[in-house]
Each structure stands twice: as C-alpha cells, then as structure tokens.
Engineer: 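Before we start, here is the structure in question, set down as structure tokens.
Residue numbers start at 1 and run along the sequence shown. Remember, it's a predicted structure, so these values are computed and weren't measured experimentally.
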Amino acid sequence: MNVLTIHPALSTTNVFRPAPPAVYIDGLRRRDLHVERWNILPAPQFASARVALAMSGKYLPSRRIEHVAVLPAVGQRLQIRPAGAYRFVMFDGYVRRRVAGAGPDEEFLAVEAYDVLRVRLDAPITGRRQESAGSVEFVSTGSTVFNDEKTGLASEATYTVDSRTCRVFSTGPEGRLWSVSDILRYILAAFVPGDVEVSGLTEFEDHTGAIYPPALSLTGLSVRDAIARTAALAGLAARSGAGSVDGAYSPVLVFYRPGRGGQRRSIRLQRSGQTLDSRRSNLWTGRVVFQRRPARRSITVIGDLKRYESTFTLKPGWDSSLQSYHYRDFVRDEASDFPAVADVFRKWVLNESGDYCDAPYNLDKFDFSTVNGEDFILSVARRFEPCLSTDS
C-alpha cells in the first residue's frame with residue numbers, strides 16, 4: 001500500500017516555481033529532454049550529465065523503449081542552460097552513450113554526456129619539448145619524467161609553446177628543478193588547446209612556486225589525469241568552468257583548493273537576489289533552506305492506483321505485406337532477412353496509444369472508454385499486469 005502526504009498549498013505570492021534547465025543538442029533546444037542528473041566533479045572526472053527522454057506528456061507523443069533512435073546520437077554536442085532569457089551555459093559536453101532500460105513499472109531512455117574538457121583532455125602525454133640552440137624542439141621518443149637528475153631537469157629560460165609561456169626540458173644535467181608551477185605550465189602549454197582559458201593560475205603559482213617534487217613520470221597518462229596529479233602535489237584540484245570569448249561559449253579550466261578549510265586568496269560572491277552563476281561565484285558548497293509553517297495540517301492519503309480486469313482482443317502489430325504461409329520465412333536461422341520479419345506473427349498489440357494507426361499497420365485505436373470513461377483520459381501506452389483473478 002502506498003502512502004502519499006499532501007501538504008497545504010501556499011498562497012501564490014509565496015510560491016517558488018523553479019524552472020527546469022533547458023537542454024540543447026547541437027545548438028537546438030530539445031523540449032522532450034530533461035536533466036536527470038548533473039555531477040560537478042574535479043579532474044580527472046570533470047562534469048557529467050544524464051539527460052532522459054520524456055516518455056509521455058501533454059504535448060508529446062508517447063514513447064517506448066524501441067524508440068531509441070529519438071535520442072541524440074553519440075558525439076553530438078549537449079548543453080544545459082537556464083530556462084528563460086539567460087544565455088550562459090551551465091554544462092557543455094558530448095554525448096558518450098545511450099541508455100535504455102525497462103523496470104517493473106516503467107521504461108526509460110536516456111543519454112550520458114561528459115564535459116567537453118574531459119573529452120578534449122583525454123589524449124595521452126607522449127614525447128617531450130626540450131630546448132635546442134635557443135629554440136624548442138619536439139622529441140617524439142622522449143619520456144616525460146620531471147626532476148630526473150640526468151635527463152629530467154628544466155631549462156633556465158622560458159619559451160613560448162602554442163601561445164603559452166613555460167619552461168621546457170633541458171638537454172643535459174645542467175638545469176634547474178621543476179616546481180609544481182613549472183610542471184603545470186608545461187602541461188598547459190604543450191597539451192591543453194589554446195582556446196581553453198585557465199582561471200586561478202596566478203593563485204596556483206603563489207601556492208606552488210616553491211614546491212619541488214621528487215622525480216615524477218607523467219608518460220602515458222591522459223592530460224586530465226596529469227593535471228589532477230600535478231595539482232594534488234600542492235593540495236589543489238581542478239574543475240571545468242564556463243567563459244565567454246566575443247559572446248561565444250568557451251571552456252575554462254579552474255584551479256581551486258578543495259575543502260572548507262582551504263585558504264583562498266580571492267573569494268567571489270554575487271549579490272543577494274542574483275541568479276547563481278559559477279563564473280561569478282566560486283563557492284565550494286551552498287545550502288538553500290525555505291521554512292514556513294503550514295496554515296493547515298497536512299493530509300495523509302492512503303490508497304493505491306485503480307486496476308481494471310478485462311478481456312482484450314489483440315491485433316497484428318506487423319506489416320501485413322510481409323506475412324506469408326511459408327513458416328520458414330520467419331525462422332531466425334533460415335530467413336534471408338530475419339530482423340525485417342521478426343515481428344510477423346509474434347507481435348500483437350492493443351494500440352491504445354495510437355502508435356499503430358498509420359501505415360503499414362492501419363489499425364484502429366482502442367477506446368478505453370468501453371472500460372471506464374473517467375480513468376482513461378490520456379492515449380498512452382498501458383502496462384498489462386497479472387490478472388486479478390485466476391478462475392475461469
């Protein structure tokens with residue numbers, strides 16, 4: 001038995017109506033998708049999101065698990081933005097996989113997306129940049145081992161590598177030790193795309209400029225793993241953020257000190273009443289509590305959904321032009337194209353949702369008003385439960 005507690009409604013002047021965030025696929029809004037889960041994690045995981053497909057709705061066609069093709073394709077760009085006139089992006093990533101499943105009470109279709117930084121920083125670290133006659137050369141066979149006494153020291157001079165300034169490897173034992181700040185600058189210059197902004201780097205250098213780790217090998221690690229490992233040497237972490245270049249969205253790599261006890265050199269907080277924006281507030285955690293004493297006591301409703309038992313005549317749920325009386329045409333091991341005829345003589349439907357009204361099925365929609373005209377208002381797919389009675 002289910003127990004449902006209904007609290008008294010508040011007056012309209014004190015009701016907070018949260019608007020769900022909007023989902024965009026390749027720049028186009030998909031109103032049939034809603035955010036089911038959104039995780040903001042530090043590197044190397046970065047952010048991830050799970051977006052589910054609305055299986056039914058007032059203005060949407062009913063969906064079943066076989067409609068998996070309606071989901072966004074793997075590799076498409078997925079963005080989560082605030083509903084309304086706000087333009088900034090809260091999550092930006094790529095669809096990595098589709099998810100479909102059926103439980104005892106419902107079917108579901110969803111996609112999982114990874115943050116754009118997780119995808120773009122997934123390449124392995126190979127080779128090394130080292131100085132050569134006052135310039136920088138790339139050695140594809142070199143190992144990326146920092147603070148090795150023979151071949152892993154840093155150059156005294158700094159160089160520009162792909163628009164970023166950093167130290168590179170020295171060619172011999174003459175050089176200086178790599179600091180955590182030097183290692184990070186090298187990773188950013190050599191492996192992070194130039195259009196990725198870096199936030200908090202000055203604060204990072206203040207914390208790590210005098211920390212010299214022992215021999216550290218990053219060869220073969222992904223760029224995101226290398227960033228997380230380097231930041232952890234100084235007790236710091238990195239996460240993804242959102243920025244804007246000429247009005248267009250651009251990813252941001254943000255360095256911060258995790259935990260409530262972490263000291264910050266700069267704390268940015270928005271004014272009360274503004275819409276929370278991760279680019280303008282660097283909160284580690286937040287909590288919003290609304291307290292109001294109800295005007296009337298709550299109402300407890302004890303009961304369950306109505307269940308009806310009836311006898312239904314099912315109809316063929318396949319293309320009648322594919323059927324024949326040669327049974328071998330429908331045997332999996334003998335049919336020339338079994339997937340095309342898999343439903344013939346196997347799939348029987350009631351067509352209560354109207355999905356089989358058009359060609360090639362051309363079936364009439366079942367009218368549930370013959371069972372009960374008040375409890376079956378929506379034309380959606382129903383689930384058949386075990387019979388209430390078993391006596392004939």
Side-chain angles (χ1 to χ4, degrees), residues 41-46 117 121 125 127-132 134-136 138-139 142-194 196-241 243 252-268 282-284:
L41 301 174
Q45 295 90 353
F46 287 109
L117 282 183
L121 303 182
I125 291 181
R128 57 191 278 169
R129 269 79 172 176
Q130 65 184 30
E131 62 179 353
S132 175
S135 61
V136 179
F138 175 70
V139 182
S143 60
T144 311
V145 181
F146 300 90
N147 287 341
D148 180 84
E149 294 182 358
K150 296 181 179 180
T151 61
L153 297 180
S155 63
E156 293 289 347
T158 58
Y159 298 89
T160 300
V161 178
D162 294 338
S163 73
R164 290 193 176 105
T165 302
C166 68
R167 301 184 189 276
V168 297
F169 282 93
S170 176
T171 55
E174 295 80 13
R176 54 176 288 168
L177 291 174
W178 291 88
S179 68
V180 174
S181 176
D182 293 333
I183 297 174
L184 178 72
R185 278 195 172 275
Y186 175 86
I187 296 173
L188 295 176
F191 302 103
V192 176
V196 176
E197 299 182 46
V198 181
S199 177
L201 188 58
T202 302
E203 182 179 354
F204 185 93
E205 291 180 342
D206 293 340
H207 284 285
T208 62
I211 299 177
Y212 298 92
L216 174 67
S217 175
L218 300 180
T219 304
L221 293 180
S222 66
V223 179
R224 55 189 177 91
D225 283 308
I227 291 175
R229 187 169 178 180
T230 304
L233 294 174
L236 303 179
R239 63 172 177 84
S240 59
V252 178
L253 185 62
V254 181
F255 289 93
Y256 66 98
R257 186 166 184 175
R260 294 182 179 180
Q263 297 180 0
R264 291 183 177 273
R265 296 297 180 89
S266 62
I267 298 178
R268 297 180 295 276
N282 56 4
L283 287 173
W284 167 251

Engineer: Within this structure, what is the CG-CG distance for the pair Leu236 and Leu184, rounded to the nearest 0.5 Å?
Structural biologist: 9.5 Å
Engineer: Could you pull out the closest heavy-atom pair between Val161 and Ala190, with the gap in Å?
Structural biologist: CG1-CA, 4.3 Å
Engineer: Look up atom CG in Leu188 and atom CD1 in Ile183, then write down how far apart they are to the nearest 0.5 Å.
Structural biologist: 12.0 Å
Engineer: Is the Lys NZ or Arg CZ of Arg129 less than 6.0 Å from the centre of Phe191's six-membered ring, within 45° of the axis?
Structural biologist: yes
Engineer: In Å and rounded to the nearest 0.5 Å, what is the CZ to OG distance from Arg229 to Ser222?
Structural biologist: 11.5 Å
Engineer: Ser135 side chain to Ser132 main-chain N or O, any donor-acceptor pair under 3.5 Å?
Structural biologist: yes
Engineer: Does Arg164 use its side chain to pair, donor to acceptor, with the backbone of Val192 at less than 3.5 Å?
Structural biologist: yes
Engineer: Hey, are the side chains of Ile227 and Leu121 touching, using non-hydrogen atoms and a 4.5 Å cut-off?
Structural biologist: yes
Engineer: Identify the two heavy atoms, one from Trp178 and one from Arg167, that lie closest to each other, and give their separation to 0.1 Å.
Structural biologist: CH2-O, 3.3 Å
Engineer: Has Asn147 got a side-chain atom pairing as donor or acceptor with Tyr212's backbone, closer than 3.5 angstrom?
Structural biologist: no
Engineer: For Thr144 and Thr219, which heavy atoms make the closest approach, and how far apart are they?
Structural biologist: N-OG1, 2.8 Å
Engineer: Looking at side-chain heavy atoms only, is the closest gap between Leu253 and Phe46 below 4.5 Å?
Structural biologist: yes
Engineer: State the CD1-OG distance between Ile125 and Ser143, to the nearest 0.5 angstrom.
Structural biologist: 12.0 Å
Engineer: Looking at Thr160 and Thr165, what are the two nearest heavy atoms and their distance?
Structural biologist: OG1-OG1, 4.1 Å
Engineer: Please round to the nearest 0.5 Å and tell me the distance separating atom OG1 of Thr230 and atom CG of Asp225.
Structural biologist: 10.5 Å
Engineer: Mind listing the closest non-hydrogen atom pair of Arg224 and Pro44 along with its distance?
Structural biologist: NH1-O, 2.7 Å
Engineer: Looking only at heavy atoms, what is the nearest atom pair of Arg128 and Phe169, with distance?
Structural biologist: NH2-CB, 3.1 Å
